[in-house]
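Please read the structure below before turning to the comments.
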Amino acid sequence: MVFVVTISSTMAQKTVTGTVTDETGAPLPGVTVFVKGTAIGSVTNIDGVYTLSVPNDAKSLMFSFIGMKTQEIALGTQSTISVKMEADVIGLEEVVAIGYGTVKKKDLTGAVSQINAEKLEKEATSNITSMLRGAMPGMNVNMSSSAKGLSGAEDMLIRGQTSLRADGTDEKKANAPLIVLDGMIYYGDLSEINPSDIETFDVLKDASSAAIYGSRAANGVVLITTKRGKKGKPIITVSANVGVSTPSNASLDLLNADQFIAWRQAGYQRKERHQIDKGPGYYNKYDNLPAGVTVDKWKEYSGSTAATDLDAVWLTRLGFSPIEVTNYKNGTTRDWTNDILQTGLQQDYNAAISGASEATNYYFSLGYTDNEGIIYNERFKVLRARINLEVKVTDWLKVGTNTQFAIRDQSQQNVDLNSYGGSWGGVNPFASYYEADGTTITFAPTGNVSASRHPHRYINYRDNFQKYNSLNSKIYATITLPYGFSITSDFITRFNWNREYWHDSSKDFEWAAIGGQAKRDNTTINEWQMNNMLKWNKEFGDHSFDFTFVQTAEKYQYWWDRIQRRRFLPSDVLGYHRMEAASEDVELRSNDEVSTGNSLLGRLNYVYKGKYLVTGSLRRDGYSAFGQSNPYANFGAVALGWTVSEENFFSTELLDLLKLRVSYGTNGNRGIGIYDALSNLSTGKYVLTNNTSGAEYYVSQLYSSRMENKELKWERTSAYNYGLDFSTLNGRLRGNIDGYYMITKDLIMPRQLPMLQVMQVYSTILAR
């Protein structure tokens, strides 16, 4: 739902007419004609003629049509303006990102798909994964109904899975594509990237196009390019999107009181819970017994001959608790839908300033998102800022930065959907929302303390604080040298400061027994990358060369501390703000991790006569997580292309472009734990019995829980790709067809050893 307010005034106008034709002089119907900077417009008729009333102060008209170049014509004092449209070959000349550089689409040899984010602005989404969902063949993006939306690359798949893991979460991570943001390999949360800042998505699907990223490219690569300024006057852009998020069909059709009883009765009758045969009509209500069964006989089934409360006898057989029996007798029922689901308000506001001159290119943006989900009380807030700045210092030196800062707030506590069967498992139409006082929420709404908790328990008794701060920045410099050479060096850094605190109040019945409890998690991530790139781009007659050589180095550091305590004295009113007031430790833990990597890579794009295309790449990677015997690995690819439509014998006017492509390459997967190749020591306690006295006591132990594997190395995915690109009707209709075959070898898989062994787990390589 979007609110738009339009303010207009009456002004002097004039009428402009004309005819629009194509390059051959044939009239073009359906051409859009509008006054630049306004919503005033018209469309040409079947004869290519248009008539438009324009304000006297209008400066120019814009003419646009699919497959044709958009034209801007100055108005002046003219009342008749006719235009000849020219075919737009942007489909062939547009530039796509291929990793550490760009290439014209007509010279592309790999399977690369591009999405122009401007075409997706109608999505009005605050999450980039929503923009990618269903946007291109071969790419799958999961769905999410949460206020935050999807936040990780593991929720995306390019051309299906290439790896296997024993754990589902590990498998998703191992199959996640690589995300590259403005040349930065990006491991941050995707919700920190503002969709309004994005110019294009380029998705590298085949091994050849992705091979430039070697050890991390087995699952494809998503290149995200953010916006830059355009020459001319500064442009100020402001947008606001307001909408709602609702559960499917407004609400779920939950069981009412009678339906719930029928469901419970059917469950018992089918012996889903009781496996002992009962007498006929045992679970029936006393007024609906089978023929030949009296009420007295029915009561005898459970030894309730003297009972006078027949409702209590019947409902107890159906597993009703005293609370549920009381509510049934009083006719008290509750539809819990509105206590667990809601209609969420979605808000997204963005502002940007951009521009460019001969010496400076800039883009500054600020965005704020405040989304409520369909789960009751669920909320996600994020503030995002970006600076893209490039300065041409001299004719041979450019410097710049791409910097992104985000603050995520996920503190708001929503209903409990996990413990004790979740919200739905913990309530039913006869469950009670309040205790007898009418103000305190019930501890166990169904009366079953082992399988029921109030869905608003955490909302009422947990103080939650979750703030995530991140800074991603690239600082770069490019030196232009003679003879087509250039050198670019960039330094990329990522900082994360995360705080996750919560306090469970002693006002809750269960937490009162432990005097309240609180936890503080502090996480700091510092990651840097350094890239040095040498490029050579030169043409010699019919020969065109584009050579790229890159040297990279990286380091990742992670610090995590946790303190969890309980039994606060004299009170837990300050919660996680005063951890020293607690008298009992629950958990004191810390974890520090470090990993490093480096690589050398080279790529050559060669074009002969604009129709014979060759791309070759070779990359050597090193990564500290692999075994000492295999710290490095090599990955390479080659691709060939033939633009058939450029041949002299190709004379058909039906196709503007016909290109054949074939490629082969190998890429790696380093999606493993940082220390999986090393042995691991763990601590614990076990009970020891004194042989003399028989007394039992705890003994601390130190044991190896994982074996080392010096041979651990990259998974390798080899892929063949066969492609055909075509364009017809002057570029109005274009597309591509790709077929591929992929095979993964050296799968990394944790293996469980027999319990008789001292060491139980180690990571190993499976053949295929």
Side-chain angles (χ1 to χ4, degrees), residues 167 169 408-420 441 443-444 449-454 456-469 496-526 557-594 673-676 678-690 695-706 758-761:
D167 179 77
T169 301
R408 287 186 287 129
D409 185 351
Q410 296 174 230
S411 300
Q412 187 140 324
Q413 184 66 56
N414 56 293
V415 296
D416 175 24
L417 290 175
N418 298 311
S419 61
Y420 298 95
I441 64 171
F443 176 69
V449 296
S450 64
S452 173
R453 291 293 183 273
H454 201 290
H456 290 186
R457 181 193 190 199
Y458 286 150
I459 296 175
N460 283 264
Y461 299 123
R462 170 169 283 184
D463 181 14
N464 195 47
F465 180 88
Q466 288 182 250
K467 291 285 184 71
Y468 307 88
N469 307 298
N496 276 74
W497 308 271
N498 303 334
R499 291 172 291 170
E500 298 177 335
Y501 305 161
W502 54 252
H503 164 234
D504 292 336
S505 173
S506 59
K507 294 179 180 179
D508 175 81
F509 174 79
E510 185 176 33
W511 294 327
I514 58 174
Q517 64 178 345
K519 182 191 76 171
R520 292 172 71 104
D521 281 2
N522 291 290
T523 304
T524 303
I525 298 173
N526 179 16
Q557 292 180 285
Y558 170 91
W559 296 271
W560 174 76
D561 300 296
R562 167 176 290 178
I563 176 173
Q564 183 174 346
R565 312 193 77 201
R566 64 188 180 189
R567 301 197 186 282
F568 285 80
L569 297 173
S571 164
D572 66 335
V573 66
L574 295 178
Y576 57 74
H577 297 289
R578 186 171 171 80
M579 297 295 288
E580 65 269 28
S583 60
E584 183 178 332
D585 292 331
V586 178
E587 190 174 14
L588 295 173
R589 291 178 58 193
S590 65
N591 184 32
D592 301 339
E593 297 180 354
V594 178
I674 291 177
Y675 302 118
D676 279 4
L678 304 178
S679 60
N680 187 62
L681 290 175
S682 297
T683 60
K685 292 184 178 181
Y686 65 95
V687 177
L688 187 67
T689 303
N690 188 296
E696 297 179 344
Y697 56 94
Y698 282 109
V699 176
S700 297
Q701 60 178 332
L702 180 67
Y703 61 95
S704 179
S705 58
R706 184 178 62 225
V758 177
M759 293 163 284
Q760 301 176 14
V761 180

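Values below: all heavy atoms of this structure, side chains included; hydrogens, waters and symmetry mates excluded.
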Using side chain to side chain donor-acceptor pair (under 3.5 Å), reason through Asp572 and Ser506 one step at a time and then give a plain yes or no.
CA-CA 7 Å; Asp572 66 335; Ser506 59; 2.9 Å; yes
Residue pair Ser411 / Gln466: nearest heavy atoms and the distance that separates them
OG-N, 2.9 Å
Distance-only, no hydrogens or angles: does the Arg565 side chain make a donor-acceptor pair with backbone N or O of Ala582 under 3.5 Å?
yes
Glu584 side, atom CD; Leu569 side, atom CG - distance, nearest 0.5 Å:
10.5 Å
With side chains defined as the heavy atoms from C-beta onward, is the minimum distance between Ile563 and Lys519 less than 4.5 Å?
no
Ser505 side chain near Asp463 side chain, heavy-atom distance below 4.5 Å
no
Looking only at heavy atoms, the pair that brings Asp504 and Arg462 closest together is OD1-NE, 2.6 Å
Between the side chain of Arg566 and the main-chain N/O of Ile514, is any donor-acceptor distance below 3.5 Å?
no
Reported CG-to-CG distance for the pair Asn464 and Asn414, which is rounded to 0.5 angstrom:
9.0 Å
Could you give the distance from OG1 (Thr523) to CG (Asp561), rounded to the nearest 0.5 Å?
8.0 Å
State, yes or no, whether a side-chain contact exists between Arg499 and Phe465 at a heavy-atom distance under 4.5 Å.
yes
Is it possible for you to check whether Arg457 lies under 6.0 Å from the centre of the six-membered ring of Trp511, through NZ or CZ, and within 45° of that ring's axis?
yes
Would you check, one step at a time, whether the test salt bridge (Lys or Arg N to Asp or Glu O under 4.0 Å) holds for Arg562 with Glu587?
CA-CA 7 Å; Arg562 167 176 290 178; Glu587 190 174 14; 3.3 Å; yes
Rounded distance (nearest 0.5 Å) linking atom CZ of Arg453 with atom OH of Tyr458
9.0 Å
Within the 4.5 Å heavy-atom criterion, are Trp497 and Lys467 side-chain neighbours or not?
no
Given the rule in the side-chain contact (heavy atoms from CB on, under 4.5 Å) test, do Tyr468 and Glu500 qualify, once you have shown the distances and angles that lead to the verdict?
CA-CA 8 Å; Tyr468 307 88; Glu500 298 177 335; 2.5 Å; yes
In the structure I gave you, are the side-chain heavy atoms of His503 and Tyr501 within less than 4.5 Å of one another anywhere?
no
Is it the case that Arg520 places NZ or CZ above or below the six-membered ring of Tyr576, under 6.0 angstrom from the centre and within 45 degrees of the axis?
no
What is the distance from atom CG of Asn498 to atom CD of Gln410, rounded to the nearest 0.5 Å?
9.5 Å
Under a 4.5 Å cut-off applied to non-hydrogen side-chain atoms, are Glu593 and Trp559 in contact?
no
Validation row: Trp502, Gln517 side chains within 4.5 angstrom (heavy atoms)
yes
Does any part of the side chain of Trp560, heavy atoms only, come nearer than 4.5 Å to the side chain of Asp521, both counted from C-beta?
yes
If I take atom OH from residue Tyr461 and atom CZ from residue Phe509, how far apart are they, to the nearest 0.5 angstrom?
12.0 Å
Please determine whether the number of non-hydrogen atoms from other residues, nucleotides or ligands lying under 6.0 Å from atom OH of Tyr675 exceeds 12.
yes
In this structure, which one of Asn591, Asp592, Asn526, Asn496 forms a side chain to side chain contact (heavy atoms under 4.5 Å, CB included) with Tyr558?
Asn591
